[in-house]
Undergrad: 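Below: one structure in structure tokens.
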Amino acid sequence: MSKRLSGLSRLTGRPGSSNASSSTNEPPPPPVYTAVNQTQPTTDLPTAEETEKVNLTAAFDNLNLTGGPVHPTPETCLAHLKLLFAFQSMKEEIGYTDGLFGLWNSLAGPPENLKGLEEKTPQERAQNKQLAALSRIREKRWALFVARAVERYEVWWKSMPAYPLTEQLMSENPSNYYTRFPIDAGHAMKWETNMLPPLDVLLVWHTHMLNPRAFLEDCLLTGLRSLWRAGMPWDVVNQVIDTDFNYNPPDVVKAHWTARTGLSWDNADDPAYKSVKCPRCATHLMIPWTTCGQPEGYSPSPNAQPELIGTGYGDGGLSFRCSSCKIIIRKELLAVSKFVKDAQALLGSENRPMPGTVLDPKTGTPVAFPSAAPERIRFPQTFPNRLLKSGANMIRSTITTLITSSTGSTGPTMEDVRKQIEKILTDSRLLKEVEGLSATSLRSWRIQPEARIATRKMMAHYWENFSPFALDLCSAVMRQGVFIDKMYHIDWLHSPSASDTMKRLLLKYDRFFAIMSANPNSVCVPTLDVDLAWHTHQLSPAAYYAYTVNRCQKFIDHDDKIDEDTLSSQFEWTSKEYQDKFGEVYSECTCWYCEAIRTTHISSVGSVLGLSKQEKVAEKFHETTASAEFCKPDKAAHISAHNAVKTNYHPGLETLARMSLGAEAAKSARVADTRRKVLAQMAALHKKRVEEGYAKAQRRAEKKGRKIPPRDGKDGDGNQYYDHWGYPYYYYGPWMYAVWLTPGLYYGWAPGYVAGCGGGAWAACAAGSCGGGVAAGACGGAGVSFSCLYCCCLGLSLDANE
């Protein structure tokens, strides 16, 4: 495994090669939250003898850990950091392994062309196309590895004893398989070392649990109570990770894994082909994981860019023609296949409810059905199940035969599913049929808002997701990797004050939840230190569920995708709330962005009169050496933005909607287009506020004799360049989405983007209910996915057939 080697030092080599960085290039110490001894000289350097005696692993050598779900402690946070370091070491080992999956460094160009780049500035290295191509090759290796890991996780998931949920079990009250599922204390798994999966599978499970509502729903539908109750077995995992962050379970563990799953312990040792059953004719197909690989010694044409999208199962452009029926297997077809299978499971003997219909959209909890009719019969949360079972407009047969009755090579997409559901939701007569009402009982019938939300949530499981889980775990792992990388480089784990740092961030986490509890309709955005505690808590799902429901009266989600501008504006709000409530700065960081955010809290009038509480809080932070001195921009706990994405609005929404779906769709598209413009204006205003705040922060700093980092990072302190696989990516500020996540490389959909609103646009709705999330409960409030159903939005403002 690689041992904290910088990507820059390995422009042409692999981990452990002779061109590793020397000790003279080591980064500065990590931030420390506790006070330093002011009587100690701060300029004296340690002697060689003193350095030799330093125990870098003292913080995590002997952690006091127990099994079972727990509230986060300093020990579990340190164990979590240790696991994150193991994940990062694995990632670097994979990305820097030349030739893995047939992806050779030489595909980017002759290695000798990169010599001497280590001495160049980030701006100069960013101009090197070969270095950029090499970075993408390394990212592609990792992306393929993660795609295979997700499939391995699915096999592990399905190997566990399960008691799947049914509609009958949902209707019972109380039910240990539904309403009492999250809190049932009698079915916790007793973890033993031989039960551990490989590290790549552990990574996917880790990411799955960090999407709490998705994980709960998947556990509910599958009936994995023991896995839900147990959570991450910190004591067992910690025992098999050494102080160099190698994951080394004994051989008996590896043998147990292979016997249980039929898979190799090492991801790369599994077959190069994926076995897939054709969704239309059931022919067994062997699809290569990637078509991007080349044989060793392959020489690309001069100046040619490597082909990294590919048409294999783990590639971004999956395209494989069935040898029997000639249909082309694509991601979009597999998503429809997933929907059809789930619908068949609902309609058949399994009687399993559709995803998106098992948790209350506002509280995120399994709630008991109403005891009296007609409320019980027309329970809004389960409306999508009734719709698919109703037979209205022949929906049952149309959906279940959608693929097998198709002709040609393209096959249906989720657009075809959406159109079938739209026909019912926009027809009052058909809606009455779904709800068992007489056709002449009322002039029109409108479904309840909760039913529309449930339909959107059901559909959101299939847009840009063909896995059996509630979300695309490959993209989620990629986004989570941004947080892991930051934890790795901040490196609290090797700090002599690591334990005190964990205590400090746990205090901030408790305060963060106090803000969340007091503001149920606002999105609270964590700093990196708060997010570490938050993630650690989520890895004990049952304990996290009980804590959040008790404190906030709903199961708080951890939103996996938030538009970057929304994230930044809500971070500004959270920062001000924290400083108002607790009299301390929220982001203990001195980067230009955090300085600007703090300055936006200061009233101009209050500042002139010397009465501004926020200004006094900020000055106290700077005047305390122990606070500001150790909070340098590249090592500090500013905004946690691993879930930041770019909203991908579809142009020409109204025209597209009118052409494909008619006048009503175009009307709803106009609403969406207006909303898009409003959001764009709000984003521009927020950006202006931040820029004005930065200018004010500069002026204030000059008066106090301080200097804050420039936004362009030219003096090396601005932290505007992100080193990704050795290539420096420029980005404007720390709230931005990960610009280095290259669309097209990944086996799922692009991890750095989310669909915007718009009638007829792929994976998006056309009216203003999209993002109704705050009331539904996720990252401090929100919970409804951005990926919504157009027809549900129509129902917000239009009566069917009126």
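In this chain, numbering begins with 1 at the start of the sequence shown.
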Undergrad: For Ser475, check side-chain hydrogen bond (donor to acceptor under 3.5 Å, both in side chains) against everything at least two apart and list the hits.
TA: Asp472
Undergrad: Taking side-chain hydrogen bond (donor to acceptor under 3.5 Å, both in side chains) as the test, write out the residues that go with Asn113, two or more places apart.
TA: Gln130
Undergrad: Is the closest side-chain donor-acceptor distance between Asp485 and His724 under 3.5 Å?
TA: no
Undergrad: Please determine whether a side-chain nitrogen of the Lys or Arg among Asp200 and Arg152 lies less than 4.0 Å from a carboxylate oxygen of the Asp or Glu.
TA: yes
Undergrad: Specify whether Trp157 and Phe215 have parallel, tilted or perpendicular ring planes, treating 30° as the upper limit for parallel and 60° as the lower limit for perpendicular.
TA: perpendicular
Undergrad: Mind listing the closest non-hydrogen atom pair of Ala335 and Met414 along with its distance?
TA: O-SD, 4.1 Å
Undergrad: Does Lys331 have any side-chain contact (heavy atoms from CB on, under 4.5 Å) partners at least two apart in sequence or in another chain, and if so, which?
TA: Leu318, Phe466, Trp749
Undergrad: Within the side chain of Ser89, is there an N or O that forms a donor-acceptor pair under 3.5 Å with the backbone of Phe85?
TA: yes
Undergrad: Counting N and O atoms only, with roles assigned by atom type, does the side chain of Ser135 sit under 3.5 Å from a partner on the main chain of Leu131, one being a donor and the other an acceptor?
TA: no
Undergrad: Taking the six-membered ring of Tyr462 as reference, does the cationic atom of Lys338 (NZ for Lys, CZ for Arg) lie under 6.0 Å from its centre and within 45° of its axis?
TA: yes
Undergrad: Within the side chain of Tyr727, is there an N or O that forms a donor-acceptor pair under 3.5 Å with the backbone of Ala126?
TA: yes
Undergrad: Show the nearest heavy-atom pair for residues Val204 and Leu473, with the distance to one decimal.
TA: CG1-CD1, 3.9 Å
Undergrad: Could you work out, with salt bridge (Lys or Arg N to Asp or Glu O under 4.0 Å) as the rule, every residue matching Lys82, not counting sequence neighbours?
TA: none
Undergrad: Within the side chain of Lys274, is there an N or O that forms a donor-acceptor pair under 3.5 Å with the backbone of Tyr313?
TA: no
Undergrad: Please check if the side chain of Asp242 supplies one atom and the backbone of Asp244 the other of a donor-acceptor pair under 3.5 Å.
TA: yes
Undergrad: State, without any angle test, whether Asp529 and Thr527 hold a side-chain donor-acceptor pair at a distance under 3.5 Å.
TA: yes
Undergrad: The criterion is side-chain hydrogen bond (donor to acceptor under 3.5 Å, both in side chains); which residues satisfy it with Arg141, sequence neighbours excluded?
TA: Asp98, Asn105
Undergrad: By ring pair (Phe, Tyr, Trp, His ring centres under 6.0 Å), which residues pair with Phe145, not counting sequence neighbours?
TA: Trp142
Undergrad: Would you please indicate if the ring centroids of Phe245 and His494 are separated by under 6.0 Å?
TA: yes
Undergrad: Taking salt bridge (Lys or Arg N to Asp or Glu O under 4.0 Å) as the cut-off, I'd like each qualifying pair that reaches into residues 283-303, sequence neighbours left out, listed once.
TA: none
Undergrad: For Arg330, check salt bridge (Lys or Arg N to Asp or Glu O under 4.0 Å) against everything at least two apart and list the hits.
TA: Glu332
Undergrad: Not counting sequence neighbours, which residues clear side-chain hydrogen bond (donor to acceptor under 3.5 Å, both in side chains) with Asn465? List them please.
TA: Ser467
Undergrad: How would you list, by chain and number, every residue that makes a side-chain contact (heavy atoms from CB on, under 4.5 Å) with Ala470, sequence neighbours excluded?
TA: Ala214, Glu217, Asp218, His461
Undergrad: With no hydrogens and no angle check, do the side chains of Tyr747 and Glu151 hold a donor and an acceptor under 3.5 Å apart?
TA: yes
Undergrad: Got a sec, which residues hit side-chain contact (heavy atoms from CB on, under 4.5 Å) with Asp251, two or more places apart in sequence or on another chain?
TA: Lys254
Undergrad: Provide the closest heavy-atom pair for Ile328 versus Ser319 in the form atom of the first, atom of the second, distance.
TA: CG2-OG, 3.4 Å
Undergrad: According to side-chain contact (heavy atoms from CB on, under 4.5 Å), who are the partners of Lys158, at least two apart in sequence or on a separate chain?
TA: Glu154
Undergrad: Which pair of non-hydrogen atoms, one from Ala143 and one from Cys474, has the smallest distance, and what is that distance?
TA: O-SG, 4.4 Å
Undergrad: Using every non-hydrogen atom in the two residues, find where Ala476 and Leu471 come nearest and quote the distance to one decimal.
TA: CB-CD1, 3.8 Å
Undergrad: Nearest heavy-atom pair of Lys326 and Arg321: which atoms, and what distance?
TA: O-NH1, 3.1 Å
